[in-house]
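Working notes, beginning with the structure itself.
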Amino acid sequence: MAQTATPIDFAIRPRKNTLVAEFVGKPLDGLRTPALIIDRDAFARNCAKMHQKSKDWGAKFRAHLKTHKTAEGTALQLKSSADKTTAVVVSTLMEAWEVVNAGLFADGTVGDLLYGLPVAVNKLADLSTLWDAVTPHGGIVRVLIDHPEQIKHIETFETSHSRSRKWSAFIKIDGGQKRAGVNPMSERLKTLVSMMDSSPAVELYGFYGHAGNAYGSKSLSEATSFLSGEVVAVNTAAKVALSLMKNHDRPPLVLSVGSTPSAHAASAETKEYLSSILNGTLELHAGNYPMLDIQQRDTTLIGKADISQRVRATVISYYPGRAENGWDEAMVDAGVIAFSKDTCPSGGFGEVIGKDWKMVRMSQEHGILASTKEVADKLDIGETVDIVGNHACLIAAAFPWYYVVDETVENGTKIVDIWVPWKGW
């Protein structure tokens, strides 16, 4: 049996204090590049909008922390000007432990944490210790299940510790994306439900779906279609479960759906259509929405002003007429490591804010910008440019800390905070 391997704190707080002393109150000019900048005001507005979407849809909300991985961002995600929640989902055990280390369970900010991957055998001891750590604060840790062996391993783990504790689990549903999960009409789903219904160590909390293909949406109607598909999948699974479960004296099953594009499509009208056929209570989840990116903008569900993150880079060389069409190119000191190679429907790897330039090629530590019109703003060597990339989650993962500004504080020209993300797994 795997041994407990609780991640250490990595001295995130002392590191933040040192960085705050060095940078907060200073102007953005002169930053060492590449640098990730977040507008806290835009970040907070995006959180409030998602809370409002969830309220309009009549659903609870669960915030995914995977994009920013910070205590400060988590607090904004969970309590906004529109509403609040205490439910989160994380992608790594490091995120889970740092939620605890940051005192977010102790102060009541977080009360319900879902580990968002199908539970692995070598994570059970860590998750069990995590559960022990949050229980005194009234917290709960939940897991995802999509294979019968996962249930057996939890039962074996509990037996080996001479306990009768029951783990709260979502069954992960595959709505056709072929990532994790089981088909809602499959025999495996019936097996999982029956096993949980009689298990001494695992109980069914609900069904969890994620329409990763919704990122290809090009309109509200397309995103709405993906959202409806998610709901149909988890709702079908719940109907099957209710027909098999012997114990009906229990809280309603939770139907958790969402991705940032499909969550943006949640509305009162959608909820009204669904309310008469639901086999449980709705929960909406999303993660990218506080920061956003070019990929999300290309869904047409958000605008440029909603994107709260950008990478500052420095122009290090210039190449007049070098592009295939005879237009200009330039080189900046930010490449694959700063942006990833994720593309999006509009092409390229990022767009320069306020200038007619796009990131078109990249190597590890540098990128090539190309002008997007024949007579574009010339870029000077030594000039800094702000670039919005295609995928905020992978961009944020590249940086050891984020420079935070706020448009309501001196028009966003000075650093107001430093956020240090949780690194590791």
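Keep in mind that the numbers below use all heavy atoms, side chains included, and drop hydrogens, waters and symmetry copies.
Using a cutoff of 4.0 Å between basic side-chain nitrogens and carboxylate oxygens, E149 and K152 are scored as salt-bridged. Using a 4.0 Å cut-off between charged side-chain N and carboxylate O, R361 and E329 make a salt bridge. A salt bridge is absent between D306 and R45: the closest approach of a Lys/Arg side-chain nitrogen to an acidic carboxylate oxygen does not fall below 4.0 angstrom. Using a 4.0 Å cut-off between charged side-chain N and carboxylate O, K378 and E383 make no salt bridge. With respect to the salt-bridge test (charged N to carboxylate O, under 4.0 angstrom), the residues K172 and D146 do not qualify. A salt bridge links R165 and D132; the closest N-O separation between the charged side-chain nitrogens and carboxylate oxygens is under 4.0 Å. Note on E158 versus R163: salt bridge recorded, some NZ/NE/NH1/NH2 to OD/OE distance being below 4.0 Å. With respect to R62 and D112, a salt bridge is recorded, a charged nitrogen being found less than 4.0 Å from a carboxylate O.
The salt bridge (Lys or Arg N to Asp or Glu O under 4.0 Å) with E95 is formed by just one residue from the set K423, K69, K66; it is K69. No option in L114, V119, V89 other than L114 meets the side chain to side chain contact (heavy atoms under 4.5 Å, CB included) test with L144.
Without hydrogens or angle criteria, D406 side chain to T408 main chain gives a donor-acceptor distance under 3.5 Å. Using a distance-only test at 3.5 Å, with no hydrogens or angles considered, a donor-acceptor pair links the side chain of N46 to the main chain of A42. At least one donor-acceptor pair closer than 3.5 Å links the side chain of S308 to the backbone N or O of P290. One N or O on the side chain of K16 and one on the backbone of I418 form a donor-acceptor pair closer than 3.5 Å. Of the possible polar contacts, none joining the K60 side chain to the A87 backbone as a donor-acceptor pair under 3.5 Å is found.
Considering every non-hydrogen atom in both L36 and V311, the closest pair reads CD1-CG2, 4.0 Å. The nearest pair of heavy atoms linking G389 to D293 is O-CB, 3.4 Å. Taking both residues in full, the closest heavy atoms of N288 and T67 are given as CA-OG1, 3.5 Å, listed atom of the first, atom of the second, then distance.
Aromatic rings of H68 and F43 (six-membered ring for Trp) have centroids within the 6.0 Å cut-off, being under it. Outside the 6.0 Å centre-distance limit, the rings of F349 and F339 are not counted as a close aromatic pair. Within the 6.0 Å centre-distance limit, the rings of H161 and F157 are counted as a close aromatic pair. Proximity of the aromatic rings of F61 and H51 is defined here by a centroid distance below 6.0 angstrom, and this criterion is met. In this structure, the ring of Y403 has its center less than 6.0 angstrom from the ring center of F23.
Geometrically, R142 does not engage Y115 in a cation-pi contact defined by less than 6.0 Å to the ring centre and at most 45° from the axis.
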(message) side chain to side chain contact (heavy atoms under 4.5 Å, CB included) for V234 and S256? Distances and angles first, verdict last.
(response) CA-CA 8 Å; V234 296; S256 190; over 6 Å; no
(request) Apply side chain to side chain contact (heavy atoms under 4.5 Å, CB included) to V202 and Q150, showing your working. (result) CA-CA 10 Å; V202 184; Q150 294 154 358; over 6 Å; no
(request) With side chain to side chain contact (heavy atoms under 4.5 Å, CB included) as the test, would you mind laying out the steps for S371 and D356 before giving the verdict? (result) CA-CA 6 Å; S371 56; D356 300 309; 5.9 Å; no
(message) Please determine whether salt bridge (charged side-chain N to carboxylate O under 4.0 Å, His left out) holds for the pair E351 and R297, giving the CA-CA distance in whole Å, both sets of side-chain angles, and the decisive distance to 0.1 Å.
(response) CA-CA 12 Å; E351 299 177 5; R297 187 208 63 192; 2.8 Å; yes
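Put simply, the side chain of V24 does not reach to within 4.5 Å of the side chain of V416, judged on heavy atoms. Side-chain contact between L113 and V90 is present, with heavy atoms from C-beta onward closer than 4.5 Å. Counting heavy atoms from C-beta on, the side chains of I38 and V405 never come closer than 4.5 Å. Contact annotation: the side chain of W419 approaches that of E72 to within less than 4.5 Å [non-hydrogen atoms, C-beta and beyond]. Side-chain contact between I387 and M359 is present, with heavy atoms from C-beta onward closer than 4.5 Å. Using a 4.5 Å heavy-atom cutoff, the side chains of I171 and Y208 are not in contact.
Here S346 contributes atom OG and D298 contributes atom CG; the two are 3.5 Å apart, rounded to the nearest 0.5 Å.
The ring pair (Phe, Tyr, Trp, His ring centres under 6.0 Å) test applied to W131 returns W167, not counting sequence neighbours.
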